[in-house]
Amino acid sequence: MKMKDDTIAAIATPPGTGGISIVRVSGPDALKIAGQAVRLRSGKPLASLKPWAARLASVVDARGAQVDEALVVVMKSPRSYTGEDVVEIQCHGGRLVSEKVLALLLEAGARPAEPGEFTRRAFLSGRITLEEAEAVLELVEAPTEYSLSQAAKRLRGELGQRVREWEESLYSALAAYQAGIDFPEDVDPGLERATREIERVHREIAALLERAPLGLALVNGIEVCLVGPPNAGKSSLFNALLSAERAIVTEVPGTTRDVLRERTEWNGLPVILLDTAGLRETSDIVEMIGVERAEKAASESEVIVYVVDGAVGLTGADRSWIEKWRKEGRRLLVVVSKADVSPRKAEEEELRKLTHGSFVLASAKTGEGLEEIKTKVTGWFSRGGEMDLLVPGSARQVDCLRRASSSLGEALSAQAEGWTEDVVVICLEEALRALSELTGKNVSEETLEQIFSRFCVGK
Amino acid sequence: MTAITGKYDILVVGSGHAAVEAALAGARLGHSVAIVTLNPENVAGMPCNPAVGGPGKAQIVSEIDALGGEMALATDHATIELRVLNASKGPAVQSLRAQVDKKAYAAHMKRALGDAGVTLLGGMVVDIPVSSGAVRGVVLGNGDYIAASRVILCTGVYLESRIIIGDVVKESGPLGEPAAKGLSDALRRLGIALGRFKTGTSPRIAADSVRWEELKKESGAPYPLAFSFLSKPRVYNNDVCYSTYTNERTHEIIRANLHRSPLFDGTIRGTGPRYCPSIEDKVYRFPERERHQIFLEMEARDSDEVYILGLSTSLPVDVQVEVVRSLPGLKEARIVKPGYAIEYDRILSQQLKPSLEVVGIEGLYSAGQINGTSGYEEAAAQGLMAGINAALSLEGKPPVILERSQAYIGVLIDDLVSNVIDEPYRMLTSRCEYRLMLRQQNADQRLTPLGREIGLVSDARWRVFEEKRAKLEKGRELLGKKTGGVEVRERLKAPDTRLEDFLGEIPELALLPEDVRAEIEIEAKYSGFIERQEREAKRLQRYAGKRIPPGFDPSEVPGLSREARDKLRRYAPATIGRALEVGVSPQDALILLAYMKNRGSGGAQGDE
Ligand SMILES: Nc1nc2c(ncn2[C@@H]2O[C@H](COP(=O)(O)OP(=O)(O)OP(=O)(O)O)[C@@H](O)[C@H]2O)c(=O)[nH]1
Ligand SMILES: [Mg+2]
């Protein structure tokens with residue numbers, strides 16, 4: 001049963017805001033529940049911590065295995081954000097790890113907090129003012145009338161103008177269909193013209209989305225592909241970069257065969273990391289397919305991380321792969337692995353030339369260079385023009401456009417496949433509802449407005 | 001005070017479509033009900049076109065039927081021609097439309113009122129006594145005082161109505177009935193804000209003055225159909241509808257006389273509906289159109305009057321004669337009743353709760369055109385809901401409020417109470433965001449269980465419902481069978497595959513009745529789209545759609561501002577979204593949300 005005073009937990013930082021994410025537990029049992037998942041370095045119980053002091057701790061699962069290293073802060077009622085006992089766990093392992101931490105807390109008896117529930121508790125306990133509560137809620141609550149009108153105000157400039165123009169074309173197309181439906185005896189709605197309009201808008205939105213790579217990356221995740229010779233340490237890096245034992249690692253060259261994909265988050269950006277088979281000529285049929293897949297994955301991803309085996313050094317094959325992708329203008333980062341055992345300082349000069357400085361010495365074992373890899377990769381996506389799209393709300397804008405585009409695609413294929421008009425209309429309305437999240441219009445009212453101004457209907 | 005001359009549980013003012021359903025619902029739920037109306041002879045009349053249904057409206061009629069209302073049964077009783085509109089445009093928008101014998105329709109309703117024990121009283125209501133915030137009854141023009149703790153206003157277009165034909169303006173109701181005078185002032189005294197609307201109708205002509213052979217005959221569907229889930233489907237096809245077009249001459253006459261139209265000379269100030277424009281409006285606004293379609297509908301099978309659909313007008317009578325005679329087949333037509341515009345008072349519907357009770361006056365309900373709607377169907381639906389809710393409140397039960405994702409009636413009432421209605425409101429499929437879920441043909445499956453719970457669904461109707469439900473379940477199961485290694489359900493998702501294609505392979509399907517087969521076919525074929533609508537409905541309910549429980553008392557909530565308390569009490573918003581719209585501040589809404597969350601799930605119902 002959900003009581004006023006049960007204990008809630010949630011990830012308190014919005015996705016895509018930074019490397020550290022905070023998992024927050026609030027309620028009378030906050031210390032007890034968090035105590036089951038958090039072990040202080042000092043070995044003392046959580047309750048002994050001085051309020052507001054940050055301490056290093058490990059987060060462990062039910063079997064005692066470490067999930068993450070974290071900073072832990074304890075706040076005692078009433079001197080906390082919510083006015084209740086609160087434990088904040090600042091995870092370093094990114095979104096995925098913080099989700100695991102949250103899962104542990106829920107297992108230990110916390111209830112997932114509803115959107116805005118911390119803020120509501122904070123407000124109810126008198127900890128924050130109304131204005132503050134409002135401002136926070138605006139960030140966490142999904143579309144409400146209020147946020148829609150705010151969104152509409154934010155939608156300015158060229159994009160705003162284009163969205164409004166698309167919207168107008170789509171409304172007139174929708175009105176053509178709907179006039180024929182609601183006034184079946186009255187009108188010849190001119191559906192062919194409507195279809196042409198839908199096609200045009202669909203094309204234009206798709207074109208815009210294509211030109212917004214970061215926007216899309218924010219929604220879909222940036223694909224980062226690890227490639228390189230066998231045994232170079234790709235899978236080890238893969239695991240280290242994910243902070244998880246995901247791929248099999250052995251000393252046998254040719255261990256990885258299929259392409260592995262994992263979601264993670266680097267510096268607040270969603271990343272899809274790919275591990276691949278080592279690149280080499282081989283007669284093993286399974287491995288051969290693996291190598292083909294590796295090449296394909298690399299050619300389709302947005303970032304290639306080429307791993308040079310630090311224990312072997314730069315080979316002729318390495319040089320030609322690196323040259324090839326550089327010439328193709330790909331985003332390429334060269335990583336020299338196993339820096340802990342064989343620091344290859346001697347080759348740094350050649351590497352600098354070959355890669356135009358875009359290389360990192362790293363070790364999966366010690367963690368050296370891992371942060372540098374993340375920073376270099378995400379740096380490509382937060383520099384210069386692409387930075388513009390990082391303004392708050394842009395991910396949502398891209399998402400709205402993407403939904404609109406996919407609904408329009410469905411409207412067109414429904415029509416081409418011979419579905420009835422009601423289905424076409426529903427897809428069109430969905431597209432307009434997606435756009436309305438940007439412009440704040442009421443779909444039903446706008447459609448009627450169009451029907452009555454454009455068609456002579458009614459008896 | 002005047003002597004009490006009668007006492008009822010529920011008093012219904014008016015005798016149109018809203019009134020009839022309200023009275024029947026109240027009486028069938030076991031309460032004593034009286035109707036007070038200007039002319040007790042005039043029950044469930046059709047002063048506009050003699051037809052029931054059409055896109056959006058047909059769905060409403062079926063929903064009324066599923067809940068245990070009377071409209072569909074009366075329609076089936078009185079139908080003279082029945083057709084399917086939008087047959088090729090998909091199940092979401094397919095709708096029946098019946099042309100009815102208006103005398104037979106009214107007779108059916110009168111009989112039903114008698115059977116249910118509703119008392120019919122003649123009189124003009126001039127006052128509504130209210131004390132301690134609750135309604136006490138009505139006072140009639142002759143001084144009689146009839147006591148009732150629930151009063152449902154269904155006065156249609158009669159409130160202070162005036163009829164306008166050219167430069168002739170007359171205080172009158174439709175078709176020569178008297179206007180209702182005095183009640184508007186009484187409502188204003190109660191603090192209820194009124195607005196003024198306008199609507200209009202077409203001239204009627206003598207049937208024997210029409211040259212039918214010059215017109216195109218419109219036919220009904222050649223296969224059996226029915227509105228009510230209880231009626232046996234029949235073919236109704238009686239040569240009662242004909243069509244033709246206006247022509248250049250018609251338009252010339254209208255243009256030459258526009259200056260004599262009360263619409264254009266400023267006589268009419270009320271707002272008219274966009275979807276029901278007068279012919280002069282159409283000619284004026286769409287000058288490029290060379291012709292407008294006109295339908296001639298008989299008002300009964302052997303009617304001597306014919307309704308001209310599409311020729312609504314308030315031009316002077318001499319112009320009307322010219323216009324009518326410019327049409328093919330009508331060169332010698334005699335106008336029996338001229339077309340007219342009518343202006344009337346209506347209640348601003350934002351003052352209503354979703355139960356249709358007037359905010360701030362316990363026991364006073366309003367339904368139908370008085371709330372700013374147009375159409376018999378829209379009126380009947382509101383009457384039914386007001387009748388149900390008045391009855392439930394007498395029993396101390398919470399009102400029934402239909403969701404937008406549950407019924408067109410839910411959309412109708414939600415639109416009325418949430419939005420500013422600035423023209424007579426007519427239901428259209430485009431108003432309903434979940435129309436693929438809310439099909440006319442599944443209204444029974446959606447609403448009959450609710451009707452049963454309310455107490456309006458008879459045993460006979462319940463039996464029919466349960467039988468169909470069992471067959472639907474059987475049918476859905478059969479769709480799980482495989483042909484060619486693929487479930488039929490999956491194969492039906494191709495737009496050109498029909499259920500009939502599988503009758504050979506799965507003979508049990510052929511044993512199911514046709515309506516059941518049609519339903520399961522639609523469910524399977526459109527499942528992807530239907531599920532999407534269901535998801536969307538759920539998503540919206542999570543946010544602005546979050547309901548404030550009916551009967552909620554704002555004084556229980558600590559920390560709410562006084563302003564918010566006043567607004568919550570005054571407007572009784574049904575949802576958080578609506579509370580924001582009536583001006584409750586986001587801060588107060590937040591407090592409300594937190595309060596509801598804590599209380600709503602806090603085990604008040606003991607639902608551990
Ligand atoms: N000392 C040291 N050894 C490493 C490091 N990274 C990988 N190794 C070792 O190198 C060997 C190969 O590592 P993997 O990660 O399997 O290499 P891979 O590139 O995925 O190999 P294939 O899948 O066979 O192509 C293993 O024995 C690892 O233990 C490192 O940073 N330091
Ligand atoms: Mg590997």
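Order of the sequence lines sets the chain letters (A, B, ...), proteins ahead of strands, with each chain counted from 1.
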Please answer whether the main-chain N or O of A/G180 pairs with a side-chain N or O of B/K89 as donor and acceptor at a distance below 3.5 Å. yes
Identify which of B/P91, B/S88, B/G54, B/G56 forms the greatest number of heavy-atom pairs closer than 4.5 Å to chain A. B/P91
Do A/C427 and B/F529 touch side chain to side chain, with heavy atoms closer than 4.5 Å? yes
Please state whether the side chain, the backbone, both or neither of B/K493 comes within less than 4.5 Å of a heavy atom of chain A. backbone
Residue list, side chain to side chain donor-acceptor pair (under 3.5 Å) with B/S243, at least two apart or on another chain: B/E218
Residues in salt bridge (charged side-chain N to carboxylate O under 4.0 Å, His left out) with A/E430, at least two apart? B/R532
Nearest 0.5 Å, what's the OH-OG distance between A/Y177 and B/S430? 15.5 Å
Ring pair (Phe, Tyr, Trp, His ring centres under 6.0 Å) involving B/H251 - partner list, sequence neighbours excluded: B/H292
For chain B, which residues of residues 416-425 of chain A have at least one non-hydrogen atom nearer than 4.5 Å to it? A/E417, A/G418, A/W419, A/T420, A/E421, A/D422, A/V423, A/V425
Closest heavy-atom contact between A/D182 and B/T429? OD1-N, 2.7 Å
Let me know if B/Q94 has heavy atoms under 4.5 Å from chain A in its side chain, its backbone, both or neither. neither
